Number of protein chains: 2
Amino acid sequence: MPRRTRQGTLILETIRKAKRPLTPAELHSTALKEIPNLGLATTYRHVKALAEQSVVVGVDYPGQPTRYEWVDGQDKTHFTCRACDKLFALDINQSDELPNLEMPPGFVVSGGEFIVYGFCPNCS
Amino acid sequence: MPRRTRQGTLILETIRKAKRPLTPAELHSTALKEIPNLGLATTYRHVKALAEQSVVVGVDYPGQPTRYEWVDGQDKTHFTCRACDKLFALDINQSDELPNLEMPPGFVVSGGEFIVYGFCPNCS
DNA sequence: ATAGGTGCAAACAGTTTGCATGTAT
DNA sequence: ATACATGCAAACTGTTTGCACCTAT
């Protein structure tokens, strides 16, 4: 059975309170303020467990480490610049915009991620 | 000025002929059949250059190395299983299904990637 | 001839794992 | 008391880079 620990609670709270997706390193260094000797491996173990429980989701962008964000039922749309690889969050109500996919039998959809590629104002 | 080489041509052709996204390692081992001493670093250098020119696109899936696929104007929709991380290509006419996004000024959209998360028949 | 490309090996970055110790239950 | 959790360091994997040699221009 899983066990409640200071570290686990802190990591969960940190990622929940963040208003943007965090890399494990960002998560770790933020959490260090509360528990100064928190191990990076512990951070990875918790974030991985949370992702397996679908409490958080990992999102991957080209050339950047995986970022994790809290699952609040509201899926998000992101924009990646092909030139500078910067990441932008688009303020779009995705549930209105997303296609209603017909999945092959046996596939259960639990969420979606729409990544738009292109060039940002600085690079176009 | 860029120079035409056997290696560069081979890597471009290999990725173009592939019918699914390839990791640099897959690309390399395929190309090895033609040029047995082709270096892995050379493969990376070419694939990176092709991606910068938008001749290919890199797609990242959680926990897996970046895969590169030929850009043929037809963007694809993929499905990732949250449990086994396997990757499935969905046969969906994306141009019909994709939302018509209103982008903030200055952003130029050149493509999109729709990733659906969920559970595949084996895992659900 | 010469600048860019190649192969190899070493360096790097992100992530995972082994293990002795600590700690919720 | 006993298993699970932690911290540290070492191991791994994927990717990049330095450099001497090679080759298309």
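Note that the structure is a prediction, hence the values are computed from the model and not measured.
- Comparing the start and finish of the helix from C:dA1-D:dT25 to C:dT25-D:dA1, five pairs each, the helix axis swings through 30°, to the nearest 10 degrees.
- Shown here are the salt bridge (Lys or Arg N to Asp or Glu O under 4.0 Å) partners of B:R4, two or more places apart in sequence or in another chain: there are none.
- Through ILVMFWY side-chain contacts below 4.5 Å, A:M1 is grouped with nothing and stands alone.
- Regarding A:L27, its CG atom lies at a distance of 14 Å from the C1' atom of C:dG14, rounded to whole Å.
- Per the geometry, CG belonging to B:L40 stands 14 Å off P belonging to D:dT17, to the nearest Å.
- In terms of the side chain to side chain contact (heavy atoms under 4.5 Å, CB included) criterion, residue partners of A:A41 (sequence neighbours excluded) are, by chain and number, A:R45.
- In this structure, the side-chain hydrogen bond (donor to acceptor under 3.5 Å, both in side chains) partners of A:R16, at least two apart in sequence or on a different chain, are A:E13.
- For the side-chain contact (heavy atoms from CB on, under 4.5 Å) criterion with B:W70, the lone passing option out of B:L12, B:L50, B:L22 is B:L12.
- Here the nucleotide nearest the side chain of A:P2, chosen from D:dA5, C:dG5, C:dG14, is D:dA5.
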Where do N or O atoms of nucleotides 6-9 of chain D meet protein N or O atoms at under 3.5 Å, pair by pair?
unit_1 : atom_1 : unit_2 : atom_2 : d
D:dT6  : OP1    : A:T5   : OG1    : 2.7
D:dT6  : OP1    : A:H46  : NE2    : 3.2
D:dT6  : OP2    : A:H46  : NE2    : 2.8
D:dT6  : O3'    : A:Q7   : NE2    : 3.0
D:dG7  : OP1    : A:Q7   : NE2    : 3.2
D:dG7  : OP1    : A:N37  : O      : 3.4
D:dG7  : OP2    : A:G39  : N      : 3.0
D:dG7  : OP2    : A:T42  : OG1    : 3.0
D:dG7  : N7     : A:R45  : NH2    : 2.9
D:dG7  : O6     : A:R45  : NH2    : 3.1

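- A straight line from CD of B:Q64 to P of C:dT16 spans 13 Å, rounded to a whole angstrom.
- Applying the salt bridge (Lys or Arg N to Asp or Glu O under 4.0 Å) test to B:R20 and every residue at least two apart in sequence or in another chain returns B:E26.
- The distance between atom NE2 of A:H28 and atom P of C:dT15, rounded to the nearest whole Å, is 13 Å.
- The side chain of A:Y44 contributes an N or O atom lying less than 4.0 Å from OP1 or OP2 of C:dT15.
- Looking at heavy-atom distances under 4.0 Å, B:R4 makes contact with sugar-phosphate atoms alone, never a base.
- Residues satisfying the ring-ring contact (aromatic ring centres under 6.0 Å, His included) criterion with A:Y44, sequence neighbours excluded, are absent altogether.
- Mapping B:T43 and B:M1 onto DNA chain C by nearest heavy atom places B:M1 closer to the 5' end of the strand.
- Between the CG atom of B:L10 and the P atom of C:dG7 there is a distance of 10 Å, rounded to whole Å.
- For A:L12 and D:dA5, the CG to P distance is 15 Å, given to the nearest whole Å.
- For B:R67 and D:dG14, the CZ to P distance is 11 Å, given to the nearest whole Å.
- Atom pair B:R3:CZ and D:dA24:P shows a separation of 9 Å (rounding to whole Å applied).
- Contact annotation: the side chain of A:L40 never approaches that of A:T42 to less than 4.5 Å [non-hydrogen atoms, C-beta and beyond].
- Residues satisfying the salt bridge (Lys or Arg N to Asp or Glu O under 4.0 Å) criterion with A:E34, sequence neighbours excluded, are absent altogether.
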